[in-house]
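From a predicted model like this one, the values you see are computed outputs, not experimental measurements. Naming convention: chains lettered A, B, ... in sequence-line order (proteins, then strands); numbering from 1 in each chain.
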2 protein chains.
Amino acid sequence: MASSIHDLARHLNISIGTVSRALNGRADVNADTRQRVLAAAKQLNYSPNQSGRSLRQGATHSIAFMLQPHPDDQQYGEPFFIPFLTGLQARLAEYDLDLMVVMGEPGQYQQERLRRVVETRRADAVVLANTRREDDRIDYLSKAGFPFATLGRSQSGDDTYPSLDIDFERAGDEAVDRLVARGHRRIAAIRPSLDLNFGYLFLDGYRKALKRHGIEVDPGLIADGFINEAGGYQVTPRVMLSKDRPTAIIFNNDAMALGGCKALAEMGIRPGHDIAVIVIVDTPLCRYFSPALTAFRPSLEPMGRRLAEMLLASLPAFAGPEGTRIIREVWPLELIARDSD
Amino acid sequence: MASSIHDLARHLNISIGTVSRALNGRADVNADTRQRVLAAAKQLNYSPNQSGRSLRQGATHSIAFMLQPHPDDQQYGEPFFIPFLTGLQARLAEYDLDLMVVMGEPGQYQQERLRRVVETRRADAVVLANTRREDDRIDYLSKAGFPFATLGRSQSGDDTYPSLDIDFERAGDEAVDRLVARGHRRIAAIRPSLDLNFGYLFLDGYRKALKRHGIEVDPGLIADGFINEAGGYQVTPRVMLSKDRPTAIIFNNDAMALGGCKALAEMGIRPGHDIAVIVIVDTPLCRYFSPALTAFRPSLEPMGRRLAEMLLASLPAFAGPEGTRIIREVWPLELIARDSD
DNA sequence: CGTTTTTCCGTAAACGTTTACGACAACACA
DNA sequence: TGTGTTGTCGTAAACGTTTACGGAAAAACG
């Protein structure tokens with residue numbers, strides 16, 4: 001049986017109120033008694049019951065991370081999230097906050113899981129990933145007045161929540177830039193068909209760069225597919241059968257790139273030789289693939305830490321002296337040049 | 001402001017006791033009142049405050065998953081855990097249990113995190129991963145009488161906790177079998193140097209199979225290294241420089257295999273041609289590597305679900321009519337034959 | 001009709017904290 | 001000596017539940 005604050009108080013012949021104040025560093029407690037309480041706490045191996053303080057304080061001291069699986073994706077964007085989670089949880093731990101991971105089946109069910117977290121107050125705030133362009137989770141949380149932050153932007157909600165995103169627009173732009181500089185003018189773009197916001201941002205950058213280089217955007221070179229290997233495999237031939245064959249492809253997802261390369265191989269087209277391939281976003285798979293795929297890499301672990309900070313800055317309970325701030329950031333990607341372009 | 005059980009009771013002109021009983025499906029409540037309570041709960045959008053019930057019931061309704069990073073591994077065994085976590089959390093969700101993920105810095109610090117979870121009762125039970133042969137976390141939890149289950153076996157503790165592991169021994173055995181059948185007799189084994197239990201199991205199987213085939217175990221063909229790519233890169237040349245060069249290598253970790261293949265490439269030795277390579281355990285990287293690596297694959301998601309079931313069966317609060325049972329299982333791996341052997 | 005049983009519900013305590021409030025002593029000051 | 005201030009602590013309420021207990025009414029039984 002674990003020791004409670006009552007045991008501690010009894011052991012010290014002191015009231016539980018004083019014990020609590022001593023433990024919580026309140027000012028109105030004698031320095032000497034504080035020492036005795038601290039010593040006794042260590043000796044009796046006391047630590048405050050979390051449920052008790054949660055109830056009293058109305059705060060659970062835990063943050064929920066919602067990993068919404070794509071309907072297409074069997075792997076939950078696999079390699080992407082672990083480093084991000086690592087960073088997120090590391091920073092949260094510094095503030096004595098726990099990390100709750102909520103997944104769930106693809107589709108509508110996720111909303112149920114989210115409601116449950118919010119309504120039963122299992123977490124003090126929520127971190128959303130896989131943001132859609134129109135994201136009902138964001139609408140719901142905004143309306144409910146529940147604190148949250150997002151990894152990725154969205155068009156839903158006003159800008160009253162912290163968000164951290166990768167600069168997909170710039171990555172699309174830079175990818176085109178790089179390819180044009182290497183003599184390409186027929187550049188295809190393949191992205192997920194879902195409403196994921198980054199797909200739009202990427203295409204914006206792609207178009208902008210083409211325009212800047214005086215290259216007309218050919219709709220036949222733009223294709224959408226399932227956000228998985230099969231999707232890339234399925235949709236890549238479509239752009240390759242375009243009248244005027246592309247000499248380069250930018251994939252807006254690593255799994256799709258892998259599937260696309262498989263399709264290319266079957267057509268006898270070798271990435272790095274017969275066609276240039278660039279991937280947004282890099283994962284370990286890109287590095288070990290043959291040929292190693294040139295890709296844009298995010299700093300996932302620092303991003304996790306940063307989003308934690310941004311979320312905390314928006315929570316009154318954690319906001320510094322400057323008060324509650326809503327921060328929104330867009331981070332650049334780093335180009336990792338490999339053998340595929 | 002969220003509605004409490006008091007609001008509900010006031011709204012219905014009924015006592016909170018009755019409301020609670022109605023909501024919790026207790027028998028001693030009129031069918032009619034129960035309907036009214038349920039309807040009102042839906043209408044007022046009531047759901048019970050989690051902290052409140054936790055405090056009263058002495059149960060948090062959440063399970064902590066401890067992901068202890070290897071000191072060597074920058075990636076937290078990256079691809080391995082997401083599918084496992086997916087299965088684990090899916091099954092837990094069916095029982096209305098939350099999943100808390102606890103990571104932490106490598107080494108001793110993890111113990112602190114574990115103590116915190118246990119002592120502040122932030123979770124009802126713990127799931128351990130990356131079990132060591134001698135695992136002080138297991139000792140601690142056993143001594144504290146805190147419920148837990150492990151992914152992976154250990155020599156620590158008695159067998160009074162549920163555990164689910166992969167049959168590394170059999171995989172090592174089968175790998176040797178396969179290689180011998182293909183004419184190999186000089187077979188190297190490379191495994192992590194840490195105290196991870198699976199490294200021992202693997203080597204047992206490896207030795208047993210060699211003995212069965214009448215092949216003498218050559219210590220020069222067995223090497224340990226850091227459990228990461230650099231470790232494989234570093235240690236592979238050592239076995240290759242053995243007097244009588246091996247014609248096959250079994251890697252007991254995917255990252256080490258990748259590093260090992262890099263070393264082999266630099267020595268002009270091509271896996272699949274000049275040497276046979278088999279990996280335990282398979283990850284997506286093995287599949288996309290060139291040549292694609294033959295590997296033993298676990299069923300991670302089902303394993304996650306299964307371990308959840310086993311843990312729950314050991315918890316009095318969830319145990320079925322048959323009572324609290326400690327279950328220990330060892331699951332086989334499936335050989336995925338590719339191009340490297 | 002009296003007695004026993006059953007059905008249903010209200011009361012109140014308890015879980016372990018935190019914190020507003022007030023009390024008391026000690027001390028300073030006039 | 002009286003008044004005000006400061007430092008320290010105890011008391012008790014509150015957070016939102018669940019549940020043991022008892023009681024009243026209704027039903028069943030003789």
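Under the 3.5 Å distance criterion, with hydrogens and angles disregarded, no donor-acceptor pair is assigned to the side chains of S154(B) and D135(B). Residues S15(B) and T18(B) bring a donor and an acceptor atom of their side chains to less than 3.5 Å of each other.
Rounded to whole Å, the distance from CZ on R56(A) to P on dT17(D) is 16 Å. Going from atom NE2 of H6(A) over to atom P of dC15(C) covers 8 Å, rounded to whole Å. Look at CZ on R36(B): it is 12 Å from C1' on dC9(C), rounded to the nearest Å. Rounded to whole angstrom, the span from the CD1 atom of I5(A) across to the C1' atom of dT17(C) amounts to 6 Å. The interatomic distance linking L23(B) (CG) with dT18(D) (P) rounds to 7 Å, in whole Å. Protein atom CZ of R122(B) is 14 Å distant from nucleotide atom C1' of dG16(C), rounded to whole Å. Spacing between atom CD of Q57(B) and atom C1' of dG16(D) amounts to 12 Å, rounded to whole angstrom units. Between the P atom of dT18(D) and the CG atom of L8(B) lies a distance of 11 Å, rounded to the nearest Å.
Contacts of D139(A) classified as salt bridge (Lys or Arg N to Asp or Glu O under 4.0 Å), with partners at least two apart in sequence or in another chain: none. For R328(A), the salt bridge (Lys or Arg N to Asp or Glu O under 4.0 Å) partners are D159(A), not counting sequence neighbours.
Residue S47(A) is in sugar-phosphate contact alone, with no base atom involved, counting any heavy-atom pair closer than 4.0 Å across all strands shown. S20(B) comes within 4.0 angstrom of a base, heavy atoms only. Nucleic acid contact for T33(A): sugar-phosphate only, since backbone atoms but no base atoms lie under 4.0 Å from a heavy atom of the residue.
Using a distance-only test at 3.5 Å, with no hydrogens or angles considered, no donor-acceptor pair links the side chain of S314(B) to the main chain of T324(B).
Close to dT18(D), at under 4.0 Å from its OP1 or OP2, lies a side-chain N or O of R53(B). The side chain of T18(A) contributes no N or O atom lying less than 4.0 Å from OP1 or OP2 of dC9(D). Proximity of N49(A) to the phosphate of dT17(C): no side-chain N or O atom is located under 4.0 Å from OP1 or OP2. For the OP1/OP2 pair of dT7(C) and a distance below 4.0 Å, the side-chain nitrogens and oxygens of N30(B) include no atom meeting the criterion.
The L55(B) side chain lies nearest to dC15(C) when the options are dC15(C), dT18(D), dC8(C). Proximity note for S15(B) (side chain, C-beta onward) versus dT17(D), dT11(C), dG16(C): the nearest is dT11(C).
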Please list each protein N or O that sits under 3.5 Å from an N or O in nucleotides 20-28 of chain C, with the distance.
residue: dA20(C); atom: N6; partner: R21(A); partner atom: NH1; Å: 3.4

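In this structure, V29(A) and I16(A) both approach DNA chain D, and ranking their closest nucleotides by distance from the 5' end singles out V29(A).
Of all the heavy atoms in Y46(A) and S3(A), the pair that sits closest is CD1-O, 3.2 Å.
Using a 4.5 Å heavy-atom cutoff, the side chains of L8(A) and L44(A) are in contact.
Put simply, CE on M103(B) and CG on L92(A) are 11.0 Å apart, with the number rounded to the nearest 0.5 Å.
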